[in-house]
**Q** 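Before we start, here is the structure in question, set down as structure tokens.
All chains are named by letter (A, B, ...) in the order of the sequence lines, taking the proteins before the strands, and each is independently numbered beginning at 1.
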2 protein chains.
Amino acid sequence: MSVSRSERRTRPQTVARREEILKAAMATFGAKGYNKGPLTEIADQVGMTHAGILHHFGSKNALLLEVLQYRDATDVEALPEHHIPDGADLFRHLVRTAFLNAQRAGIVQAYAVLSAESVTDDHPARPFFQQRYTTLRGEVAHAFRVMCQEAGVDEPTTVDKAAASILAVMDGLQIQWLLDPTAVDLAEASEFAIEAIVAQVLTPRETPLRRPAD
Amino acid sequence: MSVSRSERRTRPQTVARREEILKAAMATFGAKGYNKGPLTEIADQVGMTHAGILHHFGSKNALLLEVLQYRDATDVEALPEHHIPDGADLFRHLVRTAFLNAQRAGIVQAYAVLSAESVTDDHPARPFFQQRYTTLRGEVAHAFRVMCQEAGVDEPTTVDKAAASILAVMDGLQIQWLLDPTAVDLAEASEFAIEAIVAQVLTPRETPLRRPAD
DNA sequence: CCTACCGATCGGTAGG
DNA sequence: CCTACCGATCGGTAGG
């Protein structure tokens with residue numbers, strides 16, 4: 001009986017080693033960004049040389065992409081039923097995520113740094129984040145439509161703007177919180193903003209800003 | 001009559017040259033980030049060698065800080081009366097800024113990339129952005145208090161969260177817009193979110209999210 | 001403001 | 001998974 005290539009790749013030891021590397025890479029890329037996060041630092045954390053990392057992942061570039069996919073996969077596994085909730089539950093889930101994020105600065109920083117870095121010229125993570133935001137906006141927009149339907153409201157003009165805004169405010173608060181954790185309450189502020197945006201979609205109101213001035 | 005040191009530093013030619021360099025640096029740091037944006041690329045844009053840049057600014061680090069200060073100073077000069085408006089006018093100003101930003105992706109990208117990069121270990125721009133957000137949050141919070149007072153509302157519990165959220169949603173939308181300009185309308189979405197948050201501060205409402213679930 | 005150069009960092013490859 | 005090494009990039013300095 002021969003041992004196939006894919007089976008060798010799947011050896012428990014190798015899988016475990018790769019996971020160690022992925023976690024170390026997340027830490028280094030989170031702390032220093034992709035461009036400034038050296039393979040040697042990742043290697044040190046798992047007790048090998050940087051050539052060993054390249055042996056496992058082929059290139060630094062490929063490692064980055066696996067790091068991003070690994071985190072997403074881990075997060076999805078943590079969901080009930082392994083899928084994202086819908087309607088009002090989605091927004092409750094997002095609020096809960098913000099509370100969770102307030103206790104894992106490392107992961108928050110990795111995403112914040114890498115997503116912003118990804119808009120630079122020819123960044124390897126750009127397609128990943130492009131796809132990620134497209135998917136997330138679609139999910140949030142869908143949740144909005146479900147909520148509107150349940151509430152008997154048919155005003156979906158703002159849904160797309162609101163979906164982007166929900167994700168945006170969560171991301172933006174993370175940056176401010178990472179810069180100054182005592183000045184910004186990540187969880188409470190996220191909750192407030194999400195509720196504000198949801199309320200504006202369901203029962204839109206004019207604001208004093210509407211009077212044109214200046 | 002002797003020529004003082006400071007006068008030499010102030011020679012029109014030198015000032016103009018430095019401004020050229022600052023603009024070129026903004027372009028390079030915006031396109032590639034600080035860590036990956038080489039002095040040679042900045043030098044090429046203004047027709048000198050990278051040693052010439054260092055002659056003018058001392059170090060890459062110092063150049064970055066001057067770039068950030070230069071942009072802020074330029075923006076303040078563009079304001080009516082050279083100071084930031086207050087009350088509802090501040091929020092109108094922020095909306096107008098979002099519309100303006102939708103037509104200057106380069107500057108938007110520079111701030112988005114550099115602010116996120118600044119949260120990494122020992123980044124030279126970290127104190128700058130820390131200070132910047134502290135100041136901006138204070139100004140937005142003050143505008144909220146003025147608006148509440150004018151409206152006869154005394155509910156400032158949410159003011160600080162709302163101030164951070166306003167800035168956050170503008171920043172977060174910029175990232176999504178830079179990644180996918182056709183999928184996100186930076187100006188319209190910013191306006192929507194700002195109005196949603198302002199409305200929630202002035203006349204807060206419970207939302208369907210309040211029912212605890214899951 | 002340039003030429004010339006140093007010192008350090010870093011990703012990747014060879015070859016085992 | 002390591003040793004050894006290459007090739008390239010880059011910030012900064014000397015010395016003019």
Side-chain angles (χ1 to χ4, degrees), chain A residues 3 5 8-25 27-29 31-67 113-114 117 120-125, chain B residues 3 5 8-67 113-114 117 120-125:
Chain A
V3 175
R5 250 221 205 92
R8 269 175 73 195
R9 222 201 181 207
T10 284
R11 277 188 321 182
Q13 301 164 346
T14 304
V15 172
R17 208 80 177 103
R18 284 171 58 93
E19 226 179 289
E20 278 184 73
I21 296 170
L22 290 172
K23 284 176 184 166
T28 288
F29 293 155
K32 304 191 173 178
Y34 172 72
N35 286 318
K36 231 206 166 182
L39 288 176
T40 48
E41 183 180 300
I42 297 166
D44 286 350
Q45 294 175 67
V46 297
M48 65 173 78
T49 66
H50 87 279
I53 306 289
L54 291 171
H55 166 74
H56 279 288
F57 291 92
S59 71
K60 189 186 181 188
N61 199 317
L63 172 60
L64 172 63
L65 297 184
E66 290 222 40
V67 166
V113 169
L114 292 174
E117 194 178 352
T120 58
D121 295 353
D122 297 319
H123 195 282
Chain B
V3 174
R5 250 220 205 93
R8 270 174 72 195
R9 220 203 182 204
T10 285
R11 279 186 321 181
Q13 301 164 345
T14 304
V15 172
R17 208 80 176 104
R18 284 171 58 93
E19 226 179 290
E20 279 184 73
I21 296 170
L22 290 172
K23 284 175 184 167
M26 180 68 116
T28 288
F29 293 155
K32 303 191 173 179
Y34 173 72
N35 286 318
K36 232 207 165 181
L39 288 176
T40 48
E41 182 180 301
I42 297 167
D44 285 349
Q45 294 176 67
V46 296
M48 64 175 77
T49 66
H50 87 280
I53 305 290
L54 291 171
H55 166 74
H56 279 288
F57 291 92
S59 71
K60 190 187 181 188
N61 199 316
L63 173 60
L64 171 62
L65 297 183
E66 290 222 41
V67 165
V113 170
L114 292 174
E117 194 178 351
T120 58
D121 296 353
D122 297 318
H123 195 283

**Q** Both B:Thr49 and A:Leu54 contact DNA chain C. Which one's nearest nucleotide lies toward the 5' end?
**A** B:Thr49
**Q** Given side chain to side chain contact (heavy atoms under 4.5 Å, CB included), test A:His56 with A:Met48 step by step and report yes or no.
**A** CA-CA 11 Å; A:His56 279 288; A:Met48 65 173 78; 4.2 Å; yes
**Q** Chain A on DNA chain C: first and last contacting nucleotide, 5' to 3', under 4.0 Å to a heavy atom?
**A** C:dC10 to C:dT13
**Q** Quick one: do B:Arg17 and B:Glu20 make a salt bridge, cutoff under 4.0 Å?
**A** yes
**Q** Does any part of the side chain of B:Gln45, heavy atoms only, come nearer than 4.5 Å to the side chain of B:Thr28, both counted from C-beta?
**A** yes
**Q** Quick one: does any side-chain atom of B:Lys60 pair with a main-chain N or O of B:Tyr34 as donor and acceptor, under 3.5 Å?
**A** yes
**Q** Taking all heavy atoms of A:Leu114 and all of A:Leu64, pick out the closest pair and write down the distance.
**A** CD1-CD1, 4.0 Å
**Q** Using the rule given for side chain to side chain contact (heavy atoms under 4.5 Å, CB included), can you reason through A:Asn35 versus A:Glu117, listing the C-alpha separation, both sets of side-chain angles and the distance that settles it, and then say yes or no?
**A** CA-CA 9 Å; A:Asn35 286 318; A:Glu117 194 178 352; 2.8 Å; yes
**Q** Looking only at atom types and distance, does a side-chain atom of A:Ser59 sit under 3.5 Å from a main-chain N or O of A:Ala62, one as donor and one as acceptor?
**A** yes
**Q** Are A:Leu63 and A:Leu22 close enough that some pair of their side-chain heavy atoms sits under 4.5 Å apart?
**A** yes
**Q** Could you check whether any side-chain heavy atom of A:Asn61 comes within less than 4.5 Å of a side-chain heavy atom of A:Leu65, counting everything from C-beta outward?
**A** yes
**Q** Output the residues of residues 38-45 of chain A in contact with DNA chain D, where contact means a heavy atom of the residue under 4.0 Å from an atom of the strand; sort by number or write none.
**A** none
**Q** Let me know, please, whether A:Lys60 or B:His55 comes out on the 5' side of the other along DNA chain C by nearest nucleotide.
**A** B:His55
**Q** Once Watson-Crick and G-U wobble pairs under 3.5 Å are found, how is DNA chain D written in dot-bracket notation, 5' to 3', with | for any base paired to another strand?
**A** ||||||||||||||||
**Q** Please report the C-alpha distance between B:Val46 and B:Lys23 in whole Å, then the side-chain angles of each, then the deciding distance to 0.1 Å, and finally whether the side chain to side chain contact (heavy atoms under 4.5 Å, CB included) criterion is met.
**A** CA-CA 10 Å; B:Val46 296; B:Lys23 284 175 184 167; over 6 Å; no
